[in-house]
Each structure stands twice: as structure tokens, then as C-alpha cells.
2 protein chains.
Amino acid sequence: MNESPALRIDTTSTTPVYRQIVDGIRSQLVEGRLAPGDALPTVRDLALELGVHFNTVAEAYRLLSAEGWLDLRRRRGAVVTARDTPQAPPKARQIFADKLRQLAAQVRAEGLTRHTVADELDALSAELRGEN
Amino acid sequence: MNESPALRIDTTSTTPVYRQIVDGIRSQLVEGRLAPGDALPTVRDLALELGVHFNTVAEAYRLLSAEGWLDLRRRRGAVVTARDTPQAPPKARQIFADKLRQLAAQVRAEGLTRHTVADELDALSAELRGEN
DNA sequence: GTATAATGTATAGAAACAATGTACAAAAGA
DNA sequence: TCTTTTGTACATTGTTTCTATACATTATAC
């Protein structure tokens with residue numbers, strides 16, 4: 001436990017730091033790289049590693065806890081919990097489709113080609129269909 | 001021209017309105033649904049349609065203009081310009097891959113299945129490979 | 001058992017940001 | 001030249017983000 005979560009904080013991004021932390025850790029949770037029972041670094045340790053204030057990490061942990069991923073207790077730290085996946089609201093799929101296109105549009109505007117974007121989509125799709 | 005850009009503003013989202021506007025319009029630009037020469041609604045018209053202040057739309061237009069998509073002139077409105085796609089920075093692909101996984105993780109956490117997510121990825125990939 | 005130290009929590013403040021209100025500037029057309 | 005239509009500038013207000021500091025809780029040492 002306490003292995004490094006391999007998070008990279010982009011201080012130039014418009015996405016707030018605490019949400020970058022949430023998004024990064026949630027990826028690992030969903031992908032199973034963090035499993036129930038695993039301990040996360042303490043808020044102070046991770047804050048030091050990322051170069052931010054520990055309250056910023058604490059806020060991220062709190063959000064993940066509110067989503068049901070973490071069990072937070074004083075003096076014991078943050079531990080990954082088992083979690084029932086909720087039922088997705090009806091519109092979730094359409095909203096995802098829209099966000100996906102907006103993300104693709106953004107990186108295409110930055111210069112990534114249709115082909116490159118499609119390759120990455122295929123790669124992730126294959127991962128999703130192959131794993132577990 | 002002045003056709004409705006079919007933007008939906010989600011006031012519950014944490015993404016600021018002006019960026020929702022930017023993201024939505026950029027999608028249409030990248031996908032060719034808005035082409036050079038097309039006129040966008042005036043800031044006041046689009047603001048009325050979206051239910052926000054016209055300065056909020058103006059800010060969105062300014063960002064798109066800074067990205068090279070729009071030509072803004074008083075009394076004439078916003079017109080889509082021809083634009084050279086820049087060269088993507090070297091890390092762009094990896095950053096995109098990360099963001100893609102974070103987006104997928106987010107919606108999977110909300111309850112979308114691996115299968116559904118993969119289907120949407122495939123659908124967009126097919127669009128990208130098929131069009132033009 | 002009690003003291004101590006390690007950990008998350010609470011609250012306040014400063015700075016940046018988002019959205020608005022209002023006034024202004026430019027330019028097309030009457 | 002006047003008026004109207006459009007984008008622009010700037011101040012204001014509320015919100016968000018991040019930090020600083022103090023506090024509460026609890027496992028462990030002894």
C-alpha cells in the first residue's frame with residue numbers, strides 16, 4: 001500500500017487541482033488498479049508529492065468518499081471500499097456521447113489528426129472489451 | 001446563416017457556461033457543421049436563446065476567435081474563418097489518452113457499462129474514419 | 001490507562017474566476 | 001449626418017479554489 005498513484009498535476013490547466021486528483025484516482029479505481037482494501041497515501045504525503053496543500057488533497061478524498069469509493073478515518077487514512085455501481089440515469093449515455101465529441105473536437109483543434117484520435121478510441125475500446 | 005447552434009447549457013454542471021459554449025461550438029466547427037463563411041448568431045441573440053448574459057457569449061466568442069476560428073467585427077457579427085490546424089505538441093496524444101480514460105472512468109462510475117462506453121467509442125471512431 | 005503522535009476535519013481568509021450590468025466605440029445603412 | 005446594430009471595456013458582485021491554522025479523533029507506545 002501507499003504506492004505512488006502516478007498522478008501528474010497540470011498547473012496550467014483550467015481544471016482545478018482537487019478535481020484533477022479526483023479524476024486521476026477514480027480512473028485507477030474504475031480500472032481496478034486500486035482495489036478494495038488498498039490504502040491511499042495520507043493527505044499530507046500525497047500533498048507533498050504533488051506539491052499542493054494537504055487540504056486540497058483532503059477535498060479530493062472527501063469527494064471520492066462521497067462517491068462511495070473511500071473510507072476515511074482519522075489516524076487510519078484513506079482505504080478503498082467495495083462499492084455498488086449505481087444505475088446510470090437515462091440521459092447519461094447521450095451526455096457521454098456529447099462530451100466525447102467535445103473532447104475529440106478539442107484535441108483535433110489542437111492538431112491531433114482524425115486518424116490518431118480514432119486510434120486512441122479504438123485502443124480504449126479494446127481495453128474495455130478485453131479486460132476482466 | 002444564424003441557424004440555431006443547438007447548444008444546451010447545463011446550469012448544474014461545474015463547467016462554466018462560457019466554456020460550455022466554446023466546447024459546443026468548437027465541436028461543430030471541427031466536425032464541419034459550421035464552415036468558413038458561416039455567420040454565428042450575434043452575442044445578444046445567442047445569449048437570449050441560452051438564457052445567459054451577452055457578455056458571457058462574447059467571452060466565448062473571444063476565446064474561439066483567439067483559437068483562430070472566428071472573425072469578430074462590430075456591426076457585422078461573428079463569422080467562421082478558414083484556419084490552419086496547428087501542429088500538435090508532442091505530449092498531446094498521451095494527454096488525450098489520459099483524459100479519455102478519465103472521462104470513461106467517470107461515466108463508468110456513474111453506472112454506464114464497459115460495453116456501452118466501448119460502443120460509443122466505436123461509434124465515434126467509425127465517424128472519424130468514415131467522414132470526409 | 002495515559003500520553004503522544006499521526007491523521008482527517010473545520011473554519012476563515014485571500015486571490016482568482018464567472019457572470020452580470022452598464023456605458024462605450026465602431027461601422028453599416030437611412 | 002444620424003441612428004441602429006453590433007462587439008468591447010470595465011466595474012461589481014457572488015462563487016470557487018487554494019492555503020493557513022487550529023482542532024478532533026484514535027492507534028500505538030509505554
Side-chain angles (χ1 to χ4, degrees), chain A residues 1-5 7-25 34 37-81, chain B residues 1-5 7-25 34 37-81:
Chain A
M1 23 214 97
N2 270 28
E3 23 93 7
S4 147
L7 287 177
R8 289 172 302 111
I9 298 304
D10 177 4
T11 52
T12 72
S13 165
T14 59
T15 304
V17 174
Y18 75 92
R19 211 168 321 140
Q20 293 185 47
I21 298 172
V22 168
D23 291 343
I25 294 180
L34 283 172
D38 286 357
L40 269 67
T42 68
V43 293
R44 285 169 176 82
D45 282 351
L46 183 51
L48 197 63
E49 180 182 326
L50 300 179
V52 299
H53 196 273
F54 67 81
N55 271 345
T56 302
V57 176
E59 173 67 9
Y61 278 14
R62 246 174 258 131
L63 289 179
L64 288 167
S65 172
E67 289 183 17
W69 292 108
L70 298 185
D71 187 23
L72 290 178
R73 287 201 209 151
R74 291 182 225 230
R75 174 71 212 208
R76 210 202 44 181
V79 177
V80 178
T81 63
Chain B
M1 26 215 93
N2 270 28
E3 24 92 7
S4 147
L7 286 177
R8 290 173 301 111
I9 298 303
D10 177 5
T11 52
T12 72
S13 165
T14 60
T15 305
V17 172
Y18 76 92
R19 209 167 323 137
Q20 292 186 46
I21 298 172
V22 168
D23 291 344
I25 295 180
L34 284 171
D38 287 356
L40 269 66
T42 68
V43 293
R44 285 170 177 80
D45 283 350
L46 184 52
L48 198 62
E49 182 182 326
L50 299 180
V52 299
H53 196 272
F54 66 81
N55 270 345
T56 302
V57 176
E59 173 66 9
Y61 278 14
R62 245 175 260 131
L63 289 179
L64 289 167
S65 173
E67 288 183 16
W69 292 107
L70 299 184
D71 188 23
L72 290 177
R73 286 201 210 151
R74 290 182 225 232
R75 174 73 211 206
R76 211 202 42 180
V79 177
V80 178
T81 62

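Each chain gets a letter, A, B and so on, in the order its sequence line appears, and its residues count up from 1.
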Student: Listed by chain and number, what are the side chain to side chain contact (heavy atoms under 4.5 Å, CB included) partners of A:Q20, not counting sequence neighbours?
Tutor: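 A:I9, A:D10, A:S13, A:T15.
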Student: Which nucleotides of nucleotides 11-21 of chain D have their base under 4.0 Å from a protein heavy atom (B), which only their sugar-phosphate (S), and which neither (-), written as one string 5' to 3'?
Tutor: ------SSBBB
Student: Taking 5' to 3' order, which nucleotide of DNA chain C is first and which is last to have an atom within less than 4.0 Å of a heavy atom in chain B?
Tutor: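 Listing 5' to 3', DNA chain C meets chain B from C:dA18 to C:dA28.
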Student: Once you apply a heavy-atom cut-off of 4.0 Å, does B:R44 come out as touching a base, just sugar-phosphate, or nothing?
Tutor: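 Answer is base: heavy atoms of B:R44 come under 4.0 Å of a base.
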Student: If the condition is side chain to side chain donor-acceptor pair (under 3.5 Å), which residues does A:T11 pass it with, not counting sequence neighbours?
Tutor: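 By the side chain to side chain donor-acceptor pair (under 3.5 Å) rule, A:T11 matches no residue at all.
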Student: According to side chain to side chain donor-acceptor pair (under 3.5 Å), who are the partners of A:N55, at least two apart in sequence or on a separate chain?
Tutor: none
Student: Taking only residues at least two apart or on different chains, which pairs with a member in residues 54-63 of chain B satisfy salt bridge (Lys or Arg N to Asp or Glu O under 4.0 Å)?
Tutor: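 Matches after skipping sequence neighbours: B:E59-B:R62.
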Student: Mind checking what makes side chain to side chain contact (heavy atoms under 4.5 Å, CB included) contact with A:R74, not counting sequence neighbours?
Tutor: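 Applying side chain to side chain contact (heavy atoms under 4.5 Å, CB included) to A:R74 gives none.
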Student: Is the shortest heavy-atom distance from the side chain of B:V80 to the side chain of B:L70 under 4.5 Å?
Tutor: yes
Student: Can you tell me the distance, in whole Å, between the CG atom of B:L64 and the P atom of D:dG7?
Tutor: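 Going from CG in B:L64 over to P in D:dG7 covers 13 Å.
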Student: Looking at B:L46 and B:Y61, what are the two nearest heavy atoms and their distance?
Tutor: CD2-OH, 3.5 Å
Student: Applying side chain to side chain donor-acceptor pair (under 3.5 Å), name anything that partners A:D71, two or more places apart in sequence or on another chain.
Tutor: A:R73, A:R76
Student: Could you check if a side-chain atom of A:I25 sits within less than 4.5 angstrom of a side-chain atom of A:W69, using non-hydrogen atoms only?
Tutor: no
Student: Pick out the pairs of N or O atoms, protein on one side and nucleotides 3-5 of chain D on the other, that lie under 3.5 Å.
Tutor:
residue: D:dT4; atom: O2; partner: B:R75; partner atom: NH1; Å: 2.9
residue: D:dT5; atom: O4'; partner: B:R75; partner atom: NH1; Å: 3.0

Student: Just to verify, what does B:R75 make a side chain to side chain contact (heavy atoms under 4.5 Å, CB included) with, not counting sequence neighbours?
Tutor: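 By the side chain to side chain contact (heavy atoms under 4.5 Å, CB included) rule, B:R75 matches no residue at all.
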